[in-house]
Amino acid sequence: METFESDDGHVIVRLDRGDLALESLTEACSEHDVDTGVVVSGIGTFSNLNIHYVDRTDLPEEKADRNVDLQLDGSWEVTNIGGVVADGEPHLHVTAFDGDRTVGGHLEAGCEVNVLGEFTIRKLEGLSLHRRPGEHSISQLRHR
């Protein structure tokens with residue numbers, strides 16, 4: 001991983017083969033003091049894809065009852081990753097294609113970069129957000 005920061009608060013993150021996407025972006029947020037921000041772009045290729053998505057319209061209290069976890073091997077072309085950073089923790093969604101299908105969902109830990117990854121994080125000054133459980137134990141953004 002290598003990171004670059006502009007004078008106006010943009011952090012560019014380059015990930016190389018073998019780097020873990022979510023873990024590296026979390027590390028970059030820590031290194032560049034991104035407490036509250038936005039991941040405005042993300043592209044690359046992964047050698048596996050770990051995501052989850054919600055497949056219900058009724059939301060039970062138990063997270064395990066509403067989320068579908070996918071752990072997909074193979075080469076995945078990442079067409080976009082975006083989301084919000086609160087308390088220095090990225091909450092990101094991904095869209096990726098393996099040559100046969102396109103999938104999307106909440107990016108989970110353990111996604112290994114196959115060839116490259118390029119991401120842009122924008123620090124937000126004058127705003128401090130965190131996540132706290134709301135209705136149905138869903139993590140919600142709140143002002144600190």
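Computed over heavy atoms, backbone and side chain alike; hydrogens, waters and symmetry mates excluded.
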* Asked: When rounded to the nearest 0.5 angstrom, what is the spacing between CE in Met1 and CG in Leu25?
  -> 8.5 Å
* Asked: Would Thr95 and Val78 satisfy side-chain contact (heavy atoms from CB on, under 4.5 Å), going step by step from the backbone distance to the final call?
  -> CA-CA 6 Å; Thr95 305; Val78 175; over 6 Å; no
* Side-chain contact test, heavy atoms from C-beta onward, threshold under 4.5 Å: evaluate it for Asn114 versus Phe46 and give yes or no. => no
* To do: To the nearest 0.5 Å, tell me how far Asp55 CG sits from Tyr53 OH.
  => 5.5 Å
* If a pair satisfies salt bridge (Lys or Arg N to Asp or Glu O under 4.0 Å) and one of its residues is in residues 92-104, list it, with sequence neighbours excluded. => Asp98-Arg101
* Can you hop from Val68 to Leu92 via hydrophobic side chains spaced under 4.5 Å? -> yes
* By side-chain contact (heavy atoms from CB on, under 4.5 Å), which residues pair with Gln71, not counting sequence neighbours? -> Asn50
* **Between OG on residue Ser24 and CZ on residue Phe119, distance to nearest 0.5 Å** => 8.5 Å
* May I ask you to test the Cys29-Ile121 pair for a side-chain heavy-atom distance under 4.5 Å? => yes
* **By salt bridge (charged side-chain N to carboxylate O under 4.0 Å, His left out) - contacts of Glu2 (at least two apart)** => Arg14
Identify all side-chain donor-acceptor contacts of residues 32-43 below 3.5 Å with residues at least two apart in sequence or on another chain.
from	atom 1	to	atom 2	distance (Å)
His32	ND1	Glu5	OE1	2.8
His32	NE2	Thr3	OG1	2.7
Asp35	OD1	Arg144	NH2	3.1
Asp35	OD2	Arg144	NH2	2.2
Thr36	OG1	Leu127	O	3.4
Thr36	OG1	Leu129	N	3.0
Ser41	OG	Thr120	OG1	3.2

* Decide whether Leu72 and Phe97 are clustered together by the hydrophobic rule: side chain heavy atoms of Ile, Leu, Val, Met, Phe, Trp, Tyr closer than 4.5 Å, transitively. => no
* Leu20: hydrophobic cluster co-members (side-chain, 4.5 Å) -> none
* Asked: Which atoms form the tightest heavy-atom contact between Ser139 and Arg131, and what is the distance?
  -> OG-CB, 3.1 Å
* Does Thr26 reach the side chain of Pro90, with side-chain heavy atoms less than 4.5 Å apart? -> yes
Which donor-acceptor pairs under 3.5 Å do the side chains of residues 102-109 make with protein atoms, sequence neighbours left out?
from	atom 1	to	atom 2	distance (Å)
His106	ND1	His91	NE2	3.1
Glu108	OE2	His52	ND1	2.4

* To do: Measure the CG-CG distance between Asp73 and Asn48 for me, rounded to the nearest 0.5 Å.
  => 6.0 Å
* In Å, rounded to the nearest 0.5 Å, how long is the span from SG of Cys111 to CG of Leu15? -> 11.5 Å
* To do: With the side chain counted from C-beta on, respond yes when Ile51 and Val94 share a heavy-atom pair under 4.5 Å apart, and no when they do not.
  => yes
* Could you tell me which residues satisfy side-chain contact (heavy atoms from CB on, under 4.5 Å) with Asp8, sequence neighbours excluded, listed by chain and number? => Ser6, His10
* Same apolar cluster: Ile12 and Leu116, side chain cutoff 4.5 Å -> no
